[in-house]
Amino acid sequence: MRIATWNVNSVKQRVPRLLPWLDQRKPDVVCLQETKLADDAFTALLGDELAGRGYEVALNGELQWNGVAILSKVGLDDVVVGLPGAPGFPHPEARAVSATCGGIRVHSLYVPNGRTPDSDHYKYKLAWLATLRDVVEKGPTDVLVCGDINIAPADADLFDPEAYIGQTHVTAPERQALADLHALGLRDVVRERWPNERVFTYWDYRAGMFHKDLGMRIDLQLASGAVADRVKAAWVDRLARKGTGPSDHAPVMVDLDDAPDGDIGPMVPPPSGKPAKKGSAKLPQGQ
DNA sequence: ATGTCCTCTTTAAGAGGA
């Protein structure tokens with residue numbers, strides 16, 4: 001079974017990249033974030049295309065921002081829209097949907113960005129993450145927490161740790177929230193597979209950041225123990241960030257149990273991938 | 001280079017968000 005998570009930064013804009021990618025990689029389960037589309041518009045846009053490829057669809061979208069989805073070829077049961085008990089900002093936002101797919105409780109999450117550490121949005125982010133922890137703790141044992149988590153787990157997940165001092169995504173409380181998920185038994189399966197390599201999932205559109213491989217690893221798949229033990233491959237589909245009209249995020253891919261039907265593509269990082277180290281570029285502001 | 005992309009709206013240039 002192949003599971004992917006991808007922040008597409010508008011599914012409407014990404015259709016010319018999403019559909020060929022589905023046909024190439026043939027993931028069994030796809031978690032999408034930042035669909036930026038209301039549910040009825042999503043269904044009108046992609047319902048037939050996805051059904052034709054064998055996917056059932058669970059949606060939690062809104063008009064303009066946010067928006068998450070799960071596509072599944074291996075069952076889509078007990079769908080929960082939203083994260084029960086999560087705070088809003090101030091109103092509830094479309095940042096979570098979960099379902100049982102192939103016996104695993106799969107969460108597609110778009111964690112609040114946090115903006116700046118002194119902001120109300122940052123407090124919202126931490127409260128939202130605390131709710132996530134509680135939901136996972138009370139949920140089924142076999143679980144995959146997937147999505148744009150908006151936390152770089154360690155300094156190795158940044159192109160230049162010094163550029164992020166004082167920024168969100170790296171603060172101790174955010175990393176503690178991630179540690180609290182690990183304390184429930186969740187494992188970062190991509191980092192386990194590539195313990196010492198440079199692995200990013202997001203590169204700012206500006207200033208040639210992707211071309212220079214100046215990015216962050218903020219999109220994760222966190223697997224409970226029995227699921228993590230089934231992982232045969234885990235990588236970042238960097239090709240999806242290249243070419244015309246890409247998202248600013250690349251898909252994170254995990255294969256369980258057996259060889260996939262779809263192309264695996266060049267696994268990222270390549271064997272020569274080096275750990276992130278201090279770079280000379282500045283962090284583009286305003287992200 | 002405050003450098004890009006995507007959203008919306010007083011629909012055509014600006015504002016907000018990432």
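Just so it is clear, the values below take in all heavy atoms, side chains as well, and ignore hydrogens, waters and symmetry mates. Order of the sequence lines sets the chain letters (A, B, ...), proteins ahead of strands, with each chain counted from 1.
On the P atoms, B:dG3 is 14 Å away from B:dA15, given to the nearest whole Å. B:dG17 sits 24 Å from B:dA12 when the P atoms are compared, rounded to a whole Å. B:dT2 and B:dA18 are spaced 15 Å apart, taking the C1' atom of each and rounding to whole Å. Here the separation of B:dT10 from B:dC6, taken at their P atoms, is 23 Å to the nearest Å.
As a whole-Å value, the separation of A:Gln33 CD from B:dC6 P is 17 Å. The interatomic distance linking A:Asn66 (CG) with B:dT7 (C1') rounds to 11 Å, in whole Å. Rounded to a whole Å, the CG atom of A:Asn113 is 15 Å from the C1' atom of B:dC6. B:dT2 atom P lies 20 Å from atom OH of A:Tyr205, rounded to whole Å. One atom, NE2 of A:His249, and another, P of B:dC6, lie 12 Å apart when rounded to the nearest Å. Between A:Arg14 atom CZ and B:dA18 atom P the separation is 17 Å, expressed in whole Å. Regarding A:Glu62, its CD atom lies at a distance of 13 Å from the P atom of B:dT7, rounded to whole Å. Atom-to-atom, CE of A:Met216 to P of B:dA18 comes out at 14 Å; the value is rounded to the nearest Å.
Checking B:dT4, B:dC6, B:dT7 against every side-chain atom of A:Asn9, the shortest atom distance belongs to B:dC6. For A:Glu34, the side-chain atoms get nearest to B:dA18 when compared with the rest of B:dC8, B:dA18, B:dC6. Distances from the side chain of A:Trp65 to the nucleotides B:dC8, B:dG16, B:dG3 place B:dG16 closest.
Note: A:Arg193 CZ to A:Asp255 CG = 11.5 Å, rounded to the nearest 0.5 Å.
The phosphate of B:dT9 (OP1 or OP2) has no side-chain N or O of A:Gln64 nearer than 4.0 angstrom. OP1 or OP2 of B:dA18 has at least one side-chain nitrogen or oxygen of A:Arg115 nearer than 4.0 Å.
Sequence order on DNA chain B of the closest nucleotides to A:Thr35 and A:Asp248 puts A:Thr35 first from the 5' end. When each of A:Tyr110 and A:Ser10 is assigned the nucleotide of DNA chain B with its nearest heavy atom, A:Ser10 is the one assigned upstream, toward the 5' end.
Ring orientation note: the planes of A:Tyr124 and A:Phe89 are close to parallel, at an angle under 30° on the 30°/60° scale.
A:Asp157 and A:Arg198 are not joined by a salt bridge, as no carboxylate oxygen comes within less than 4.0 angstrom of a charged side-chain nitrogen.
With ring centers used as reference points, A:His169 lies 6.0 Å or more from A:Tyr164. Ring-centre distance between A:Trp6 and A:Trp21: below the 6.0 Å cut-off.
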